[in-house]
There are 2 protein chains.
Amino acid sequence: MTGQRRVIARVLSAADDHPDVEELYRRATTLDARISIATVYRTVRLLEEHGILERRDFGGGRARYEPSDQGHHYHLIDIDTGKVIEFQDAEQDRLMREVAERLGFELVSLRLELFARRAGRPRRGRDGTP
Amino acid sequence: MTGQRRVIARVLSAADDHPDVEELYRRATTLDARISIATVYRTVRLLEEHGILERRDFGGGRARYEPSDQGHHYHLIDIDTGKVIEFQDAEQDRLMREVAERLGFELVSLRLELFARRAGRPRRGRDGTP
DNA sequence: TTAAGTGCAAAAAGTTTGCTCGTAA
DNA sequence: TTACGAGCAAACTTTTTGCACTTAA
């Protein structure tokens, strides 16, 4: 266990959001400037392989990470702010297992992300103009 | 409308799967060898911007495409073969609109992908060995 | 001491873009 | 003819990797 990994682990356990590698790197170098982005990549991969971290893909090209010990949940992404809200839904779980079964499959995992806008917010044009 | 775009459009409308750009390029060059991959990228982007194509991200780093006029559906990905099966589920739709509402949001879109294995198939180790 | 870990820079892989040339209309 | 599109190669972005050096144990 090196100093770099300790710092990265601390950053991760302090995070209650879903940072990408660049963001982890930014936070880690604040605590200890002699950490390279390669080490961040290597560390998250290691932690993912050990089941400690989970890699998420919310679109946008970069992987984002969250601790695995958070229990089973899905994500709602606020499309105006980028914020991620976690939620659970037992009925959803059951429903999807059934759907897979009906198609002749065994459900292994699923990706469910809701892209939503805070209720009452005005809809805007593609370019951001009202 | 150039010959290249015509070929790419033909390939797309003939496709009943969810090809990525490389695969589209492969199919297109079979019909007309003087098509570059840059043109494929430019064409799918154009078609996506015009709402004719939809870009999907099933993991694996590459974007995949499908026509927009297929109606509302979700995807089940066979994790052993990579094949994609489409399905619908009205209950799911309703459920997710409710979940978003409960959290104070308006559902704009959602991503739902089931990763599953054909029922009865043996589970294998990470390296593919039984 | 020594095996594991790190930094750096280069390499991959997927996608976009600048520039020049070709071609549809 | 001329403006839009294509080809090529270079650039870009995210992630991985080879290699020499450092360091924890």
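All chains are named by letter (A, B, ...) in the order of the sequence lines, taking the proteins before the strands, and each is independently numbered beginning at 1.
Once rounded to the nearest 0.5 Å, the distance linking OG1 of A:Thr43 with CD1 of A:Ile52 reads 11.0 Å. Taking CG of A:Leu95 as the start and CG of A:Leu110 as the end, the distance is 10.5 Å to the nearest 0.5 Å. In this structure, B:Ile85 CD1 and B:Leu76 CG are separated by 5.5 Å, a value rounded to the nearest 0.5 Å. In this structure, the separation between CZ on B:Phe87 and CE on A:Met96 is 5.0 Å, given to the nearest 0.5 Å.
Using a 4.0 Å heavy-atom distance criterion, A:Arg42 is classed as a base contact. When heavy atoms are screened at a 4.0 angstrom cut-off, A:Arg45 is found touching the sugar-phosphate backbone but no base atom. Here B:Ile37 lies out of heavy-atom contact (under 4.0 Å) with every strand.
Spacing between atom CG of A:Leu24 and atom P of D:dT14 amounts to 14 Å, rounded to whole angstrom units. Whole-Å rounding puts the A:Arg64 CZ to D:dT14 P distance at 13 Å. When the C1' atom of D:dT14 is taken as reference, atom CG of A:Asp57 falls 12 Å away, rounded to whole Å. The interatomic distance linking B:Arg6 (CZ) with D:dA6 (P) rounds to 11 Å, in whole Å. Between A:Glu23 atom CD and D:dT14 atom C1' there is a gap of 16 Å when expressed in whole angstrom units. Per the geometry, CZ belonging to A:Arg34 stands 16 Å off P belonging to C:dG5, to the nearest Å. Here the C1' atom of nucleotide D:dT14 and the CZ atom of A:Arg56 are 20 Å apart, to the nearest Å. Rounded to an integer number of Å, the gap from CD1 of A:Ile8 to C1' of C:dG7 is 12 Å.
Nearest-nucleotide positions on DNA chain C place A:Ile35 closer to the 5' end than the other of B:Arg62 and A:Ile35. If you find the closest nucleotide of DNA chain C to B:Tyr41 and to A:Gln4, the one lying nearer the 5' end belongs to A:Gln4. With the nearest nucleotide of DNA chain D identified for both B:Met1 and B:Ala38, B:Met1 has the one nearer the 5' end.
Residue A:Ser36 places its side chain closer to C:dG7 than to any other of C:dG7, C:dG14, D:dA6. Minimum atom distance to the side chain of B:Thr2 is reached by D:dG5, of the listed D:dA24, D:dG5, C:dT16. For B:Ala63, the side-chain atoms get nearest to C:dT15 when compared with the rest of C:dT15, D:dG5, D:dA24.
Minimum interatomic distance between A:Ala28 and A:Ile8 (heavy atoms only, all atoms of both residues): CB-CG1, 4.3 Å.
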